[in-house]
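Just so you know, ligand 1 is whichever comes first in the structure, and atom 1 is the first atom listed for that ligand. Numbers here are sequence positions counted from 1.
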Amino acid sequence: MPILYSQPDSGNCYKPRLLMAKLGMSFRHVTVSALDGSTRTPDYLAKNPNGKVPLLELDDGRFLAESNAILLHLAEGTRFLPSDAYARALAYQWLFFEQYSHEPYIAVRRALMVYPERAKEATPERLAATLEGGDKALGVMEAQLQKTPYLAGEEISIADIALYAYTHEAERGGFDLRRCPAVSAWLGRVAADPGHVPLGWLPE
Ligand SMILES: N[C@@H](CCC(=O)N[C@@H](CS)C(=O)NCC(=O)O)C(=O)O
């Protein structure tokens, strides 16, 4: 059975947990957290030299880091990864967008506002810059979701799993989703897709 090393309240870690739940895949969960130093132990750094979660350990003992790479691997051959080359590339487009134009603003602002350990980093300048960047990312998603029900087109894909993770937490970072009705409706569609689990869900 694959093992997922992850932090329960992290959106990046929620992505593979959510996909595996929707796929009905069994996996073992090992809690590793940036907050208690367990991502910095020699044992963990031997598994992932970048010292971050999530990390997937495959049945054969190989490791895979980076949430969106894990999504790509898990989704191979499933309804979450289109087989057509262009449709697939569109899903990749949103995965890269998530890492460069969305997560650094929306996830970071949430972390600054939610974790007391991060509060000292929440300067007015940083809060303003992350608000501006996050609102821009939400605007890009809103424009797409006014045209198609899911980010990469007519069907749900890993693009939606990747972007759901921190978008559904955006209000905890001070973003106003009432300004993005298509994004709000899409959040509801992703949550209504079979097998959905909430952020803190862990397998038994
Ligand atoms: N690009 C990475 C980011 C992973 C990441 O930043 N994870 C955080 C938790 S959300 C972490 O492990 N932080 C620990 C640290 O930086 O020490 C991914 O998508 O997996």
(request) Work out whether the distance between some heavy atom of Asn68 and some atom of ligand 1 is less than 4.0 Å. (result) no
Counting from 1, what ligand 1 atoms have a heavy atom of [X] closer than 4.0 Å?
X: Pro54; answer: 20 (O)
X: Thr39; answer: 17 (O)
X: Gly51; answer: 14 (C), 15 (C), 17 (O)

What protein heavy atom lies closest to [atom]? Include the residue and the distance to one decimal.
atom: atom 17 (O) of ligand 1; value: Arg40 NH2, 2.8 Å
atom: atom 10 (S) of ligand 1; value: Ser10 OG, 3.1 Å
atom: atom 2 (C) of ligand 1; value: Glu66 OE1, 3.1 Å
atom: atom 3 (C) of ligand 1; value: Asn12 ND2, 3.7 Å
atom: atom 16 (O) of ligand 1; value: Lys52 NZ, 2.7 Å

Does [X] reach ligand 1 with a nitrogen or oxygen that is under 3.5 Å from one of the ligand's nitrogen or oxygen atoms?
X: Gln99; value: yes
X: Ala34; value: no
X: Gln7; value: no
X: Ser67; value: yes

(request) Could you tell me whether the side chains of Tyr5 and Glu57 share a donor-acceptor contact shorter than 3.5 Å? (result) yes
(message) Students often mix this up, so state it plainly: with edges at 30° and 60°, are the rings of His196 and Tyr14 parallel, tilted or perpendicular?
(response) perpendicular
(message) Is the distance between the ring centroids of His102 and Phe96 under 6.0 Å?
(response) no
(request) Could you tell me whether Val53 approaches ligand 1 through its side chain, its backbone, both or neither, with non-hydrogen atoms closer than 4.0 Å? (result) both
(request) Pick one of side chain, backbone, both or neither for how Tyr166 approaches ligand 1, counting any non-hydrogen atom pair under 4.0 Å. (result) side chain
(message) Could you tell me if the side chain of Ile3 sits less than 4.5 Å from the side chain of Phe27, heavy atoms only?
(response) no
